[in-house]
Amino acid sequence: MIVKRGRDLLRRWEHNPIITYDNVPLQNNTVFNGTPVKFGDTYLLLLRVEGQQGYSFFCLARSEDGLNFNVDDQPCMLPARDGPFAMWEENGLEDPRLTFIDGWYYIMYTAASGYGHRIALARTDDFEKFERIALISGPGNKDGVLFPKKINGYYARLDRPIGNGIGSIWISYSPDLKNWGRSELIISPRPRCWDSTRIGASVPPIRTDCGWLEIYHGFKMTSAGPIYRIGTVMLDLEDPSKVIGRCLNPVLSPREEYERIGDVGNVVFASGAIVEDDGEVKVYYGAADTSICVATAHIDELIESCFEETDSLIEDFCKSVCPYRRN
């Protein structure tokens, strides 16, 4: 089947960006990479806000429709000043990802320090009090996302360690959310493709009848710098280390001025999604590391994108250099 669509599968909200630094009632440099969740009837976005002093912290934004948000006037999480987290958070808190499991909202985030980046885990049940649980990776690792249910009795996560300068997506398992192992590389950059330089997990995996849908980011280095895009991959439900489908084309690329111009230009970076009852998926993404935006597609479109084919004239070439299916 050949998928027919416009330049991007994800459709931008016409009033993007939904949050800029002007919407944050705190002195700040920029806001980006917010992770969403439905909390009762309210949409919450946990935001990465970069203060003018140079480090990032987290704030909450609230909405009744998932489009129009009001940002709280105080941070909800600041870098730790003492204890085991302090040394690793001295350069700030970055890129949170929210997952709901068994009555708790878990936050995987990046702890930034002069010694490198580590994945950390916190939780809340009311978005008033936030409890740090553990630092759950070594240095040089980020982009952690937690599966919303156990796999064969174990918690599971995707992350992006760096090895020999290459960033690929790995899977790991844990009995208690603190001790992680059985790590395995599952998805790598593809030569000569839009995600040829580095990739990473973006959205906590979404369970579908076809498998675990992962919305990820990838970038290709150009003479003018990197271009970050958003793609899709499908993982097996029972064994998510198995990739059963992967998009050939990105589902969103930086095209609008707010995506191309900012603190880091040419970036669309997904950080969470809400699946509505009618199948619409709201994908929240950071644009140019300067604002937060939203784009939508139906869940069936995103599933279909994992198994797309090109037209016959270039299909054989694309399959040879960009294999999108691994059995």
Side-chain angles (χ1 to χ4, degrees), residues 1-11 97 99 143 145-149 151 156-160 167-171 184-196 198-220 228-253 268-276 279-285 295-312 314-327:
M1 176 184 58
I2 298 174
V3 176
K4 298 295 187 183
R5 66 183 194 225
R7 297 181 76 186
D8 292 309
L9 186 153
L10 285 170
R11 294 172 284 278
R97 316 286 170 78
T99 303
D143 294 331
V145 296
L146 186 64
F147 282 75
K149 67 181 294 291
I151 308 295
R157 81 174 191 223
L158 303 176
D159 59 17
R160 203 284 308 283
S168 300
I169 297 176
W170 290 60
I171 192 167
E184 183 178 353
L185 185 153
I186 60 172
I187 314 167
S188 293
R190 297 176 289 191
R192 295 175 292 277
C193 288
W194 62 269
D195 52 2
S196 61
R198 188 173 294 170
I199 62 173
S202 286
V203 173
I206 299 168
R207 193 185 192 284
T208 75
D209 291 340
C210 296
W212 292 105
L213 171 66
E214 171 58 23
I215 300 172
Y216 73 100
H217 65 270
F219 80 78
K220 176 181 180 179
Y228 279 80
R229 299 179 173 96
I230 298 172
T232 56
V233 64
M234 189 68 67
L235 309 177
D236 185 80
L237 278 179
E238 300 301 321
D239 181 3
S241 69
K242 294 181 179 179
V243 178
I244 58 176
R246 183 176 177 183
C247 67
L248 285 173
N249 302 304
V251 296
L252 192 70
S253 298
V268 290
F269 188 97
S271 48
I274 298 291
V275 182
E276 304 289 10
E280 180 189 63
V281 182
K282 290 184 173 73
V283 178
Y284 295 85
Y285 66 97
T296 62
H298 193 276
I299 186 67
D300 291 343
E301 295 177 294
L302 293 170
I303 292 171
E304 190 176 59
S305 71
C306 297
F307 305 103
E308 67 187 355
E309 298 175 359
T310 61
D311 66 53
S312 59
I314 60 173
E315 183 173 343
D316 290 341
F317 173 76
C318 286
K319 286 183 176 180
S320 69
V321 300
C322 301
Y324 60 92
R325 186 185 295 258
R326 191 182 100 186
N327 296 320

Roughly how far, to the nearest 0.5 Å, is [atom2] of [Y] from [atom1] of [X]?
X	Y	atom1	atom2	answer
Ile206	Ile274	CD1	CD1	9.0 Å
Asp209	Leu237	CG	CG	8.0 Å
Arg229	Asn249	CZ	CG	10.5 Å
Arg246	Glu214	CZ	CD	11.5 Å
Ile199	Ser168	CD1	OG	5.5 Å
Arg11	Glu280	CZ	CD	8.5 Å

Evaluate the side-chain proximity of [Y] to [X]: yes if any heavy-atom separation is below 4.5 Å, no if none is.
X	Y	result
Ile186	Leu158	yes
Val251	Glu301	no
Ile303	Met234	yes
Ile299	Leu213	yes
Tyr216	Ile187	no

Could you pull out the closest heavy-atom pair between [X] and [Y], with the gap in Å?
X	Y	answer
Ala270	Ile215	CB-CG2, 4.2 Å
Pro204	Arg97	CG-CB, 4.3 Å
Leu302	Ser305	O-OG, 2.6 Å
Ser196	Lys220	OG-CG, 3.5 Å
Trp170	Leu185	CE3-N, 3.3 Å
Leu252	Leu10	CD1-O, 3.8 Å

### Message
Would the distance check show the side chain of Asp236 and the main-chain N or O of Ile244 forming a donor-acceptor pair, the cut-off being under 3.5 Å?
### Response
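Checked: no pair found.
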### Task
Apply the test side chain to side chain contact (heavy atoms under 4.5 Å, CB included) to residues Glu308 and Leu9: give CA-CA distance (whole Å), side-chain angles for both, the deciding distance (0.1 Å), then the verdict.
CA-CA 12 Å; Glu308 67 187 355; Leu9 186 153; over 6 Å; no
### Query
Sequence neighbours excluded, which residues qualify as side chain to side chain contact (heavy atoms under 4.5 Å, CB included) partners of Pro240?
Phe147, Ile151, Ile171, Tyr173, Trp212, Leu235
### Task
Indicate yes or no: does Arg198 engage Asp143 in a salt bridge with an N to O separation below 4.0 Å.
no
